[in-house]
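In each ligand, atom 1 is the first atom listed, and ligand 1 is the first ligand listed. Every value quoted in this text rests on a predicted model; they were computed, and no experiment measured them.
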Amino acid sequence: MKLCFNEATTIGNSTLEQDLILCERYGYDFIEIRLDKLREYLQTHCVADLKAFFAESRLKPYAFNALEGINFRTPQEWEELLSGLDLFCEVGKEISCNKVVVVPTNDVGHKTVNEIKASSLEAICAIDERARSNGWPMDLAFEFVGYPNLCVNTFGQAYDIVEAANMENVGIVLDCFHFYAMNSRWEDLERLDINKLFIFHIDDSEDLPVGALRDEHRLWPGDGAIDLDRIFALLKKKGYCEMASVELFRPEYYDMPAQDTIRIAKEKSIGALSGHWHIG
Ligand code: ZN
């Protein structure tokens, strides 16, 4: 099992340049690169700098985060979203990264589950087509968000969409926090085809009621209320041993020096995972 760092964990206290150095220093295998940090990085660096870093490092890129709000966009919002994809394709070609997280939209109004499914499939196909026309086909990892106002907010609803897409390059992101936050059903997770698990986000959560949790309530893996052992055991039983990416958004963790956030995130992740997998 490889360990990955999701840059959300240090949004408030680091940059891409610093995340790269620290993740290499603390021995992570992979990093998920955020769009906002990438854009900031490219104000003072070029893509060749990023390529050179990865060529010289053990650390490798795993995925780009994220194309957010893919449903029911105005033409202008859609163009903005595609500009993010175009950048990911341009950079991805250079650093050999061909996976991108795609996220549904919040506050869409009165839309049925079927309308949301149709709009998700339409968006997924359009994103796939644009990546291909950019000369860099991408794997699309669809991530449900466990907030009541997100239009796809449970594992089961997201997995129905991934199954309906029926495309080799479309899979799901399982984020333990999002799974817990809206009480996603274990029987839905049981039916996961493990080849469709494209990205695995690990974290933990404060013990708040369903519908009350937000990203800032995330905790270090193992420090909260999520039954991580049950999730890990289920994935292990299905033969999963690819990667786990630590993804936290907690303001207290942004108050620390980034090196401490990154070091502790690794220690806590290994602590939580090591009962199930050999890490490394
Ligand atoms: Zn996530």
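To the nearest 10 degrees, the angle centred on the Zn ion (ligand 1) between OD2 in Asp175 and ND1 in His201 reads 110°.
Glu143 contributes atom OE2 as its closest N/O/S atom to the Zn ion (ligand 1). Closest N/O/S atom of Glu247 to the Zn ion (ligand 1): OE1.
Ring centers of Trp186 and Phe155: at least 6.0 Å apart, outside the cut-off.
Ion pairing of Glu163 with Arg191 is present here, as a side-chain N (NZ or NE/NH1/NH2) and a carboxylate O approach within less than 4.0 Å.
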Quiz prompt | Chi angles and distances behind the salt bridge (charged side-chain N to carboxylate O under 4.0 Å, His left out) call for Lys268, Asp223 | solution = CA-CA 8 Å; Lys268 293 283 189 177; Asp223 281 10; 3.2 Å; yes

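A cation-pi arrangement is present between Arg214 and Tyr147 under the rule of less than 6.0 angstrom and at most 45 degrees off the ring axis.
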